[in-house]
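In what follows, a single structure is set out as structure tokens and then discussed.
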Protein chains: 2
Amino acid sequence: MDESPAIGIRERARGALRGELADVALRLFEERGYDQTPVDDIASAAGISPRTFYRYFGTKEEVLFGDLPPTSVDLPALLEDHLLRAGPWEALHQTLRHVAENIGTQRGRWSRLLRVVNTSDTLRAGHLEQQMNLAQSLIPTLVPAVEGPAGWSDLRARVLVHAALTCFDTAFSHWAERDGDIEMLEALDIAFTTFSTLDSVQA
Amino acid sequence: MDESPAIGIRERARGALRGELADVALRLFEERGYDQTPVDDIASAAGISPRTFYRYFGTKEEVLFGDLPPTSVDLPALLEDHLLRAGPWEALHQTLRHVAENIGTQRGRWSRLLRVVNTSDTLRAGHLEQQMNLAQSLIPTLVPAVEGPAGWSDLRARVLVHAALTCFDTAFSHWAERDGDIEMLEALDIAFTTFSTLDSVQA
DNA sequence: GTCGGTTTTGGCAGACTCTGCCACGATAGT
DNA sequence: ACTATCGTGGCAGAGTCTGCCAAAACCGAC
């Protein structure tokens, strides 16, 4: 009554079913599109009731995004570390390189995901929402490292972080669309260095 | 039967009701938050049926974003024009300065809107979605103007456009949060020049 | 002023996501 | 095997949004 023995068989079963649900859902989404696949269909395809589906995933989106491989490195900490050795922009660059390396090892899974995401407006919006949250978590770390005009550090930190995430996102899409042709890291580097060459392109 | 005489009284009435709906909705959203304000309440507050509401606005979001003052300058064309005289980044900067000037004349309305948007996750996501669409419309214009490594023009154009919109958005929020203290254009300029000083901040 | 045709409106029913509630069944530990 | 706990399924409900159809309002013409 005090505490469970250890892991518990139930929890492992729960994890298995969760994974199976995610698989089934992804397959259905690919076949018929995200918006055209009601939760009822996922549930019956997996042999459970819709109500139970919502006990495994709080929302329909979570069945897509919830079980991503643990990209969950502590990015703010990583950024802070890089800031010891480099300026804000380069630190952001290196931080996101780390994420890109992890992603680069799972080509197939990520392009499947991206393809599904692109079938739905709702879904793209949700994805952007996540990016916003990530940005919010990085900005405070960056603020002290930004130099410039008097009270504008906040603004500049926000700009840099959002721009960096944009670089990542754009490189990611570019890479996912050209399956195998290019390297994720190369695309990321190109994206980040776009701003270094700005002077030369300005008239 | 062939063609209506001219403007038609009905259409003017329709426009008036549309405006009134937007007003009522905005007021309710400010009082109780966007997610806590069902369409039924907006409808009854305006003395119409919910069904009719959806004839005026396709979605609940549209009642907020649908009637924005005509920011609808042809931004791609404006960008193309600026590209004749400046590099990609500066052209984007000037293009968005134009938008900022229009916005700057409607301080109150815009900060009300921003406050409402920040009451809802759904809403922020929707707003980002619009930005994506705007970006998509600007990218083709910018691609030919971007120089750099072989086949990377697409990627770099996307990065620049998204970064520019990020600058705008960030400057806008910054400005709206400090009602009156700062100038929209000044904030925008600061945001855009953040990247020009990158070299000096890099270690 | 009245008629005829068009437009606008409102109500109904429905799909879909998501939540609270409760009873039923399976499971785990004793 | 027994019991307490947990997972499950069904039901009802809120909320957004759509299709359908009948009633009402409206405009122009006679």
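Naming: A, B, ... by sequence-line order, numbering from 1 per chain.
A straight line from CG of L21(B) to P of dT8(C) spans 15 Å, rounded to a whole angstrom. Separating the OH atom of Y54(A) from the P atom of dC16(C) is a distance of 11 Å, rounded to the nearest angstrom. In this entry the distance linking CG of L17(A) with C1' of dA26(C) reads 15 Å, nearest Å. In this structure, the CD atom of E61(B) is 12 Å from the P atom of dT16(D), given to the nearest Å. The CZ atom of R14(B) sits 14 Å away from the C1' atom of dC26(D) (whole-angstrom rounding). Note: CG (D35(A)) to P (dT16(D)) measures 18 Å, nearest angstrom. Regarding F29(A), its CZ atom lies at a distance of 13 Å from the P atom of dC16(C), rounded to whole Å. Here the C1' atom of nucleotide dC17(D) and the CD atom of Q36(A) are 15 Å apart, to the nearest Å.
Residue-level contact check: F53(B) touches neither bases nor backbone, having no heavy atom under 4.0 Å from any strand. No engagement by T122(B) is indicated, since no non-hydrogen atom pair under 4.0 Å with the nucleic acid exists. When heavy atoms are screened at a 4.0 angstrom cut-off, Y56(B) is found touching the sugar-phosphate backbone but no base atom.
Between H93(B) and F192(B), the two ring planes are parallel [angle under 30°; tilted spans 30° to 60°]. Ring planes of F172(B) and F168(B): parallel class, angle under 30° (limits at 30 and 60°).
T193(B) and S196(B) share no side-chain donor-acceptor pair at under 3.5 Å.
Contact between the side-chain N/O atoms of T52(A) and the OP1/OP2 oxygens of dG9(D) is found at a separation under 4.0 Å.
The listed nucleotides are dG9(D), dG11(C), dT17(C); the one nearest the side chain of R51(B) is dG11(C). Looking at the side chain of V39(A), the nearest of the listed nucleotides dC17(D), dT16(D), dT17(C) is dT17(C).
Residue-to-nucleotide contacts include a donor-acceptor pair under 3.5 Å from the side chain of R55(A) to the base of dG9(D).
Remark: R158(A) engages E177(B) in a salt bridge, criterion side-chain N to carboxylate O under 4.0 Å.
The CZ atom of R178(A) lies 6.0 Å from the CG atom of D154(B); values are rounded to the nearest 0.5 Å.
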